[in-house]
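Data first, discussion second: the structure below is written as C-alpha cells.
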Amino acid sequence: MDQHPLSALLFPDISAVPADLEGRFPPRALADGARVTRMAPSPTGFMHLGNLYGAIADERLAHQSGGVFYLRIEDTDQKREVEGGVATILNVFGEYGLPFDEGVTSGGDKGAYGPYRQRQRREIYHICAKHLLEAGLAYPCFLTEEELNAMRETQAEQKLDFGCYGAFAKSRDIPAEEVKRRIEAGEQYVVRFRSSGSAENRIKVDDMIRGTLELPENIQDVVILKSDGIPTYHFAHVVDDHFMRTGIVVRGEEWLATLPIHVQLFAAMGWKAPKYLHTAHLMKMDGAAKRKLSKRKDPELALSFYGEEGYPAAAVKEYLMMLLNSNFEDWRLANPALPMEDFPFSAKKMGTSGALFDMAKLDDVSRNVIARMDADEAYELLALWALAHDVAFAAALSKDPAFTKAALAIGRGGKKPRKDITTWRGAKEYLGFFYTPYFAPDFTLPQNVTAEKVAVIFDEYTHLYNETDDADAWFGKLKDIAAAIGYAADMKEYKQSPENYEGNVGDVSMVVRIAVTGRQQSPDLREVMCVLGKAEVLRRLEAAKTAAWQAAPAQ
RNA sequence: GGCCCAAUGGUCAAGAGGUUAAGACACCACCCUUUCACGGUGGAAUCCCGGGUUCGAUUCCCGGUUGGGUCACCA
C-alpha cells in the first residue's frame, strides 16, 4: 500500500487516500451560479472591521446567489487562541446579522462538510500530506530554528530571497534511512512541500476584482505540517477549501503575496483552485500618512469599540457596505426603508485600493440609521446598550419605558426626522435632561434677557401654563408674555424693526426652555413639556424662578 | 532590499479616449425655523509626475514617485 519508504513512518495511522475524501465530501448539489463562501477566522477573541468587511461580501455573494455561507474556525495556532474566542465570533456574527448556513455553531457543528474546526481535521490533512509525500512532493525537514535564522542571515548578506528553497532546502534529499534514524531518535521535524517552481517562471491568476494577476511562481518549500502535525494556513486553506467545496475565497490583500503557494499546492493535489477575491485593506490617517488599521495602535479597528461607543450594528454594516460597493449609498438614499439585503451587491463594484475608515462618515450613517428607527426599536437598542455600558443610565431609561419611548418619539418619523442621536452613548447627552439625575440646568441668561425679565416671565408663565394646550394656544401664551414685557410677539415684525423691541417671543421661549430642559438647545419645547408632564414641568419652572441666573460670559 | 498591490477634491468615490469630471460625508455662506436638529439653495475643493501611442490621454502603454502589503513551524 505505502509506496514511499517514509509513508508508514510519518503517517502510521493513515490508510485512507484523497480519493476517499472525494467520496466523503462530494461536490455540492447547488443550482448553477450558486456560490459557496466562507468566513474563516482565528479564535483570537479579537474581531475587527476587516473581518466584518470581508464577511459582508462573503454573505452577500453566497446568499444573493442562493449558495452557502459557512463558518470555519482556523485554530491551527494554539498560541494565539483565547478562551471564548469562538463564542466571540459567533456573537459578533449574530449581532451583525450575518447568518451562517453551515459550520461551527453554538450548538456544535452543522453541515456535511465538517468538522469545521481545523484542529479536528488532522486526519484529513494527514491523508493529503501523505499523498504528497508519496508523490515525492513533500518531505520531512529537520532544520532547526537556529539553522533557519542562520540561513536568513546568509541570504540577507548575499541579497538573496529569503526562505527555504533550492540549495537552502537542506533536508530535501536526506536518504530515507537517515530520516528514519533521526525520527526514531526523536528528532523534531516539519513536513515541507517540495516546490517545483522556478524563479524565472511567472504564473497568471484571476482575481474577481483585480483581474488577471501576473505573479512569480512559488519556489519556496513551505511548511505544510508543523512539528505538532497541525497544518499551516497554506495547507489548511487548500485542503479545506477544496473539500468544503468553497467557490469563492474572499480574503484580505495581504494574501496576495502567498497566492502562488496556494496555486501550486492546488495543482500538486490535482485540484481546481477556487475563485479568489482579495479585498483592499481598511486604512486610517496617522498624522499625514495613510496606513493599515493596526490592532495594536487603533482601538477603532476592534468591533467591540463600536459596541462600546453605541453605534448600532446596522450602522457599522451599512457604512462597510458603502465602502464595499460605493453605489450602495445612492441606493440607500433612494430606498430608505428597504432591508440592506435587497441591494444588488456586486463583486465587480468592489474597490481595489485601501479606503480610509472615516469616523465622520460613520457618524452620519449612524445618525441616519437611528433616525429611521421607530421609538420602540430605538428604545430597545438604547436600553440594551445602556444595560451593558451605563447601568445607572439604563435604570433611568427603563424605570418608565413608556416615558422614555415618548421622549424618543419627539421629532421621530415623517419625512424629515430629527437626527440628534449618533450613538447610544451620545443619546445620554441628548436625552439626559428628561431624567432627574441627569437634569443639570445651566441658568445662564440668554440674549436680550435680564434677571428682572426672567422673574416676570416665570411669575406669569407658572400661572398660564396648561398642559392640555395645543401648539397654537401654547405658543400664544408665550406671545402674551412677550407683549407684556415689551418684547415682540411676532417674529416677522421683530425682524423688520428689532430696534422697537427689547427682545422677542423667541427670547421668552428660550427662558422657558432653559428652565425645562436646562439648556439652550432642545427638541420641540411643547412636546418636551408634554412628555415630562405637568407636575415635573411646574417643579422645574419653580426651581428656575428661584435660581440665580448668571449673565452670559463676555464673548 | 526582493516581490506584489494601489493612486480622481480633506474623506469615500462615479466615470469615459473628446464630459460644465456625478453623488455622499466634512467644511463655508445664505434661506427656513421660538432654540437645536431636520430640510433647502449656493460655494470652495480633485484626475501624483515624466515619457510614449493618438488629431486628442485624467482614461491605454512604459518608467518614476508616493503610499500600502508581504517575505514565520501567525493567520
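Every chain is numbered from 1 and lettered A, B, ... according to where its sequence line falls, protein lines coming before strand lines.
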For RNA chain B, the dot-bracket pattern of Watson-Crick and G-U pairs whose distances stay under 3.5 Å, | for other-strand partners: (((((((..(((.....[....))).(((((.......)))))....(((((..]....))))))))))))....

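With distances taken from any side-chain atom of A:Leu356 to the nucleotides B:C73, B:C5, B:U11, the minimum falls on B:U11. Closest to the side chain of A:Phe162, out of B:C74, B:C12, B:G1, is B:G1. The side chain of A:Leu148 lies closest to B:C73 when the candidates are B:G2, B:C73, B:G39.
Heavy atoms of A:Arg412 sit nowhere under 4.0 angstrom from any nucleic acid atom.
A distance of about 35 Å separates the P atoms of B:A29 and B:G68, rounded to the whole Å. The gap from the C1' atom of B:G9 to that of B:A21 amounts to 11 Å, rounded to the nearest Å. To the nearest whole angstrom, the two C1' atoms, one in B:C55 and one in B:G17, are 12 Å apart.
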Working for salt bridge (Lys or Arg N to Asp or Glu O under 4.0 Å), residues A:Glu81 and A:Arg119: CA-CA 12 Å; A:Glu81 182 164 350; A:Arg119 276 220 301 280; 2.9 Å; yes

Derivation and outcome, salt bridge (Lys or Arg N to Asp or Glu O under 4.0 Å), residues A:Arg172 and A:Asp221: CA-CA 9 Å; A:Arg172 263 193 170 196; A:Asp221 283 3; 2.7 Å; yes

Verdict with supporting geometry, A:Tyr233 and A:His262, ring pair (Phe, Tyr, Trp, His ring centres under 6.0 Å): CA-CA 10 Å; A:Tyr233 170 87; A:His262 307 145; 5.8 Å; yes

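With hydrogens and angles left out, the side-chain atoms of A:Glu157 and A:Thr154 include no donor and acceptor closer than 3.5 Å. For the residue pair A:Asp75 and A:Gln118, no side-chain donor N or O sits within less than 3.5 Å of a side-chain acceptor on the partner.
For A:Ser42, no side-chain nitrogen or oxygen approaches OP1 or OP2 of B:C74 to under 4.0 Å. The phosphate of B:C73 (OP1 or OP2) has no side-chain N or O of A:Lys79 nearer than 4.0 angstrom. Taking 4.0 angstrom as the limit, A:Arg152 places none of its side-chain polar atoms (N or O) nearer than this to OP1 or OP2 of B:G2. Between A:Arg210 and B:C4, a side-chain N or O to OP1/OP2 separation shorter than 4.0 Å is absent. Phosphate contact (OP1/OP2 of B:A13, side-chain N/O of A:Lys349, threshold under 4.0 Å): absent. In this model, the phosphate group of B:C3 is not approached by any side-chain N or O of A:Lys159 to a distance below 4.0 Å at OP1 or OP2.
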Sequence-aligned protein contact record of nucleotides 21-36 of chain B, with B where the base is within under 4.0 Å of a protein heavy atom and S where only the sugar-phosphate is: --BBSS-------BBB

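Interatomic distance, A:Leu478 CG to A:Glu460 CD, rounded to the nearest 0.5 Å: 11.5 Å. Taking CZ from A:Phe345 and CG from A:Asn325, the interatomic distance works out to 4.5 Å, rounded to the nearest 0.5 Å.
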Exercise answer: donor-acceptor pairs, residues 347-356 of chain A side-chain atoms, under 3.5 Å, sequence neighbours excluded:
none

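Annotation: cation-pi pair A:Arg192/A:Tyr139 absent, no NZ/CZ under 6.0 Å from the ring centroid and within 45° of its normal.
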